Amino acid sequence: MRIRRTRSVVVAASATLLLSGAAAMPAAAQPQHAAPPLSGAYGLTPLTNLFAERLLIADKVAAAKYGTDRPIDDPAREEKILDDAAARAVGLGLDPDAVVAVFGDQIEANKLVQRGLCTRWDAHPEERPTQRPDLDKEVRPALDRITAELLNTLVTTEGVRSSPSCELRLYGAAAWSAYGHDLDVLHLKGMGRALPSACAGVNDHAIPPR
């Protein structure tokens, strides 16, 4: 019983942090419906689990770039990712603009985590990574795998993402994924940044330039 209660507290705390980001969303994008049962969130946990996995890979990206001349912002790489996602979306029957918005959020969330880690490492040299992952051989193949899984999951969750209660279910799912992946405060902020465009029909967020 104590373990179950502790787990519930952690999930609730994660949801509170994530929803604090939802409060900053435009009014038209904020949920206007009563909260669904917690089980309703599970339909979107495959999606938010992938968001969490991608956020954790940001640690390796940051470690690979830290102390080098490789910037966090990589417009050419970002454009390639978005163009590829749009092209593959068409083949899957998804709206390419909506998919680009989702992937744009993932890119920005990843960079938010990278910047936070670099700032932390500047302030606390003892926490700096001792190994430098290989971006091309180790990190990007993992990101490519997540990209493929994310596109397929956008297909399988399209019904839930189009539902009126999507935003509330999304934040509930994100809280469970945050707990399951043991996300700290920085990565929770990243999760919040990864969510805005996940619900189909949410068009109030700017799509990153391509």
Side-chain angles (χ1 to χ4, degrees), residues 14 17-18 21-22 24-25 29 44-65 71-89 92 94-118 133 135 138-158 160-161 166-167 169-171 173-178 180-181 183-184 186-210:
S14 299
L17 284 169
L18 290 166
M25 292 168 63
L44 290 172
T45 50
L47 187 65
T48 54
N49 280 341
L50 289 170
F51 290 172
E53 285 183 43
R54 203 178 192 284
L55 284 170
L56 291 174
I57 292 178
D59 296 36
K60 291 186 176 182
V61 178
K65 293 182 176 181
I72 291 175
D73 291 284
D74 188 348
R77 168 73 178 171
E78 293 168 21
E79 182 176 8
K80 181 178 179 182
I81 292 171
L82 295 178
D83 286 343
D84 177 65
R88 294 166 71 175
L92 292 169
L94 295 168
D95 178 354
D97 289 337
V99 169
V100 165
V102 171
F103 275 84
D105 285 344
Q106 306 320 301
I107 290 171
E108 293 304 317
N110 193 287
K111 292 193 293 185
L112 184 156
V113 172
Q114 289 182 55
R115 292 189 184 101
L117 288 172
C118 289
L135 273 179
E138 179 182 354
V139 178
R140 286 178 177 164
L143 290 172
D144 290 343
R145 173 189 60 80
I146 291 176
T147 292
E149 293 183 12
L150 183 51
L151 283 164
N152 289 329
T153 304
L154 288 173
V155 173
T156 59
T157 59
E158 191 167 19
V160 182
R161 293 187 301 105
C166 174
E167 283 89 352
R169 293 186 180 212
L170 180 66
Y171 280 91
W176 281 102
S177 295
H181 289 80
L183 300 188
D184 61 12
L186 174 60
H187 291 79
L188 278 173
K189 290 179 180 178
M191 177 66 87
R193 182 62 186 86
L195 299 178
S197 300
C199 290
V202 178
N203 297 317
D204 294 315
H205 305 281
I207 296 175
R210 296 172 55 200

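The structure presented is a predicted model; accordingly, all values stated were derived computationally and were not measured.
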Are any of the side-chain heavy atoms of F51 and L150 separated by less than 4.5 Å?
-> yes
Taken in chain and number order and not counting sequence neighbours, the residues that satisfy side-chain hydrogen bond (donor to acceptor under 3.5 Å, both in side chains) with R145 are E53, E149
Tightest non-hydrogen contact, residues G190 and A109, listed as O-CB, 3.2 Å
To the nearest 0.5 Å, atom CG of L47 lies from atom SG of C199 at 9.0 Å
Test side chain to side chain contact (heavy atoms under 4.5 Å, CB included), reference L186, set D59, V113, L55, output is V113
One should read off an interatomic distance between D74 CG and K65 NZ, to the nearest 0.5 angstrom, of 5.5 Å
One should read off an interatomic distance between D144 CG and I81 CD1, to the nearest 0.5 angstrom, of 8.0 Å
Nearest heavy-atom contact between L117 and A62 is CD1-CB, 4.0 Å
One should read off an interatomic distance between E78 CD and N110 CG, to the nearest 0.5 angstrom, of 9.5 Å
With sequence neighbours left out, the residues meeting side-chain contact (heavy atoms from CB on, under 4.5 Å) with R115 are I72, D73, K111
side-chain hydrogen bond (donor to acceptor under 3.5 Å, both in side chains) filter on Q106, not counting sequence neighbours, yields none
Residues at least two apart in sequence or cross-chain that pass side-chain hydrogen bond (donor to acceptor under 3.5 Å, both in side chains) with T157, listed by chain then number, are R161
Scanning both residues in full, the closest heavy-atom pair of V99 with A85 reads CG1-O, 3.9 Å
Does the side chain of F103 come within less than 4.5 Å of D84's, by heavy atoms?
no
Nearest heavy-atom approach of T48 to L170 is CG2-CD1, 3.9 Å
Sorted by chain and residue number, the side-chain hydrogen bond (donor to acceptor under 3.5 Å, both in side chains) partners of K60 (sequence neighbours excluded) come out as E138
Taken to the nearest 0.5 Å, the spacing of H187 NE2 from M191 CE works out to 10.5 Å
query: Under 4.5 Å between any side-chain heavy atoms of L195 and Y171, yes or no?
result: yes
Sorted by chain and number, sequence neighbours left out, side-chain contact (heavy atoms from CB on, under 4.5 Å) with L92 holds for L94, L151, N152, V155
The reported gap from OG1 in T153 to CG in N49 (rounded to nearest 0.5 angstrom) is 9.5 Å
When every non-hydrogen atom of A86 is compared with those of P96, the smallest separation belongs to O-CB, 3.7 Å
When every non-hydrogen atom of I57 is compared with those of A142, the smallest separation belongs to CD1-CB, 3.7 Å
